[in-house]
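Shown next, in structure tokens, is the structure this report addresses.
Within every chain, numbering begins at 1; the chains are lettered A, B, ... in the order of the sequence lines, protein sequences first and strands thereafter.
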Amino acid sequence: KAGVTQTPRYLIKTRGQQVTLSCSPISGHRSVSWYQQTPGQGLQFLFEYFSETQRNKGNFPGRFSGRQFSNSRSEMNVSTLELGDSALYLCASSYGSNSPLHFGNGTRLTVT
Amino acid sequence: DQQVKQNSPSLSVQEGRISILNCDYTNSMFDYFLWYKKYPAEGPTFLISISSIKDKNEDGRFTVFLNKSAKHLSLHIVPSQPGDSAVYFCAASARTNAGKSTFGDGTTLTVKP
């Protein structure tokens, strides 16, 4: 099985712009979660989608949004980028509610 | 309020010895605990998990221990190998909600040959 695929791998944006990150889960996985990792920090939960519905949301401002499509692929959008949004954004998929997460290699976002 | 804490940012051990990584949590609602390993430029990889109905789970060289009364879990790696050198993350969630996991800040393990 192919793993979780995230595109692009690297992204450089300017403050005030918006960005869209993409994630293709493992085939058969219906849950997709997004996490942010900043230097020296653990992974901070952004949101989780299951069957095209947002099931959980973390403590991030409304500038961070996401969606999931009928084929389980997911996108994450960040509007009005700030310097502090520079981070590694990780997408993870799982088979069910009590299954481990399978992570992609992430998208490294740099905001200048 | 950090609900999952890994108090040791780094750990260095000799090849062949035991590595013990520790993790503390505060939220009593957590009943599913996992360890992930992360190499540079890669996403975390699931290593081992344990549910709150158990106090130990073993998988080859990796064993996770859970002490519910102390809200503490540990990962033992025996024997440690240089290829185990990575960042290890402890994660916790409600078992029915593993998609929303709370992670510690990670411990960087270095295994010296």
Practice task
Against chain B, label A:Gln6 side chain, backbone, both or neither, depending on which of its atoms sit under 4.5 Å from a heavy atom there.
Solution key: neither
Problem - same_hphob_cluster(B:Val111, B:Phe62) at 4.5 Å side-chain heavy-atom cutoff - result: yes
Problem - Any donor-acceptor N/O pair, A:Asn56 side chain to B:Lys100 backbone, under 3.5 Å - result: no
Practice task
Pick one of side chain, backbone, both or neither for A:Leu88, based on which atoms fall under 4.5 Å of a heavy atom in chain B.
Solution key: side chain
Problem - Other residues, nucleotides, ligands: >12 heavy atoms within 6.0 Å of A:Ile12 CD1 - result: no
Exercise for the section: Return yes when atom NZ of A:Lys13 has more than 12 non-hydrogen atoms of other residues, nucleotides or ligands closer than 6.0 Å, and no otherwise. Expected result: yes
Problem - Minimum side-chain heavy-atom gap B:Phe89-A:Leu43 below 4.5 Å - result: yes
Problem - ILVMFWY cluster, B:Val87 and B:Leu11 together (side-chain gap under 4.5 Å) - result: no
Problem - Interface moiety of A:Leu101 toward chain B, non-hydrogen atoms closer than 4.5 Å - result: both
Practice task
Answer with yes or no whether the hydrophobic clustering places B:Leu47 together with B:Leu21; edges join I, L, V, M, F, W, Y residues whose side-chain heavy atoms lie under 4.5 Å apart.
Solution key: yes
Exercise for the section: Report yes or no: do B:Phe65 and B:Ile48 belong to one cluster of Ile/Leu/Val/Met/Phe/Trp/Tyr joined by side chain heavy-atom distances under 4.5 Å? Expected result: no
Exercise for the section: Please indicate whether B:Arg17 has more than 12 foreign heavy atoms, meaning atoms of other residues, nucleotides or ligands, lying under 6.0 Å from its CZ. Expected result: no
Completion exercise
Within residues 33-41 of chain B, contacts to chain A at heavy-atom distances under 4.5 Å involve B:Leu34, B:Tyr36, B:Lys38, B:Ala41
Practice task
Name the region of B:Ser101, side chain, backbone, both or neither, that has any atom closer than 4.5 Å to a heavy atom of chain A.
Solution key: both
Practice task
Check whether more than 12 heavy atoms from other residues, nucleotides or ligands sit under 6.0 Å from atom NZ of B:Lys112, and answer yes or no.
Solution key: no
Practice task
Flag yes if more than 12 heavy atoms outside A:Asn59 fall under 6.0 Å of its CG atom; otherwise flag no.
Solution key: no
Practice task
Could you tell me whether A:Arg15 atom CZ has more than 12 heavy atoms of other residues or ligands within 6.0 Å of it?
Solution key: no
Exercise for the section: Could you grab the distance from atom CD of A:Gln44 to atom CG of B:Asp105, nearest 0.5 Å is fine? Expected result: 7.5 Å
Handout entry: N/O donor-acceptor pair under 3.5 Å between A:Ser94 side chain and B:Gly99 backbone
Key = no
Exercise for the section: Consider only side-chain heavy atoms of I, L, V, M, F, W and Y, link residues closer than 4.5 Å, and tell whether B:Ile20 and B:Val64 are in one cluster. Expected result: no
Fill in the blank from the handout: Among residues 102-112 of chain A, residues within the sub-4.5 Å heavy-atom range of chain B, in order of number, are A:Phe103, A:Gly104, A:Asn105
Exercise for the section: Could you tell me which portion of A:Phe50 (side chain, backbone, both or neither) has an atom closer than 4.5 angstrom to a non-hydrogen atom of chain B? Expected result: neither
Practice task
Among the options A:Cys91, A:Gly58, A:Ser99, pick out the one with the most heavy-atom pairs lying under 4.5 Å from chain B.
Solution key: A:Ser99
Exercise for the section: Determine whether B:Tyr32 and A:Pro100 make a side-chain contact, defined as any pair of heavy atoms from C-beta on separated by less than 4.5 Å. Expected result: yes
